[in-house]
Amino acid sequence: ALLGIWIGWINPLLILHALIAASVIGLVVGVGIMFVRKESKPYPFGPWLALGAIVVIMASKQILEAYGFS
C-alpha cells in the first residue's frame, strides 16, 4: 500500500515496473543464495520491494518517456 501511495501519484504504470524490478532482483539474489547455501529457505521480499521502488523512482523519467509520457 505504501508503494502505491508513494509511486502511484507519479504514474500508476510505475507500480507495475517496481513490482517487476523487485521480483527480478529478488529472483537473482534468491537463486544466488540457494547456490551458496545449498538449501532452500524462505527469505523476506520486503527489502527487494524497497530496492525495486528506488530503482523505478530513479529511472521514472526514462520509463515514462519510453511509453510516450512527458
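Values reported hereafter were calculated over all heavy atoms of this structure, with side chains retained and with hydrogens, waters and symmetry mates removed. When a residue number appears, it is its place in the shown sequence, counting from 1. Here the structure is a predicted model, which means the values were calculated and not measured.
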Would a hydrophobic clustering, with Ile, Leu, Val, Met, Phe, Trp and Tyr connected at side-chain separations under 4.5 Å, put Leu16 with Leu49?
no
Shortest non-hydrogen contact from Ala53 toward Ala18:
CA-CB, 4.1 Å
Give, for atom OG of Ser40 and atom CD1 of Ile33, the distance between the pair rounded to the nearest 0.5 Å.
10.5 Å
Do Ile57 and Tyr67 share a hydrophobic cluster (ILVMFWY, side-chain heavy atoms under 4.5 Å, transitive)?
yes
What heavy-atom pair brings Ala21 and Val56 nearest, and what distance separates the two atoms?
CB-CG2, 4.4 Å
Looking at every heavy atom in both Leu27 and Tyr43, which two are closest together, and how far apart are they?
N-OH, 4.4 Å
OG of Ser23 to CZ of Phe45: how many Å apart, nearest 0.5 Å?
4.0 Å
Could you measure the distance from the CD atom of Glu65 to the CD1 atom of Ile63? Nearest 0.5 Å is fine.
11.0 Å
Please round to the nearest 0.5 Å and tell me the distance separating atom CD1 of Ile20 and atom CD1 of Ile25.
12.0 Å
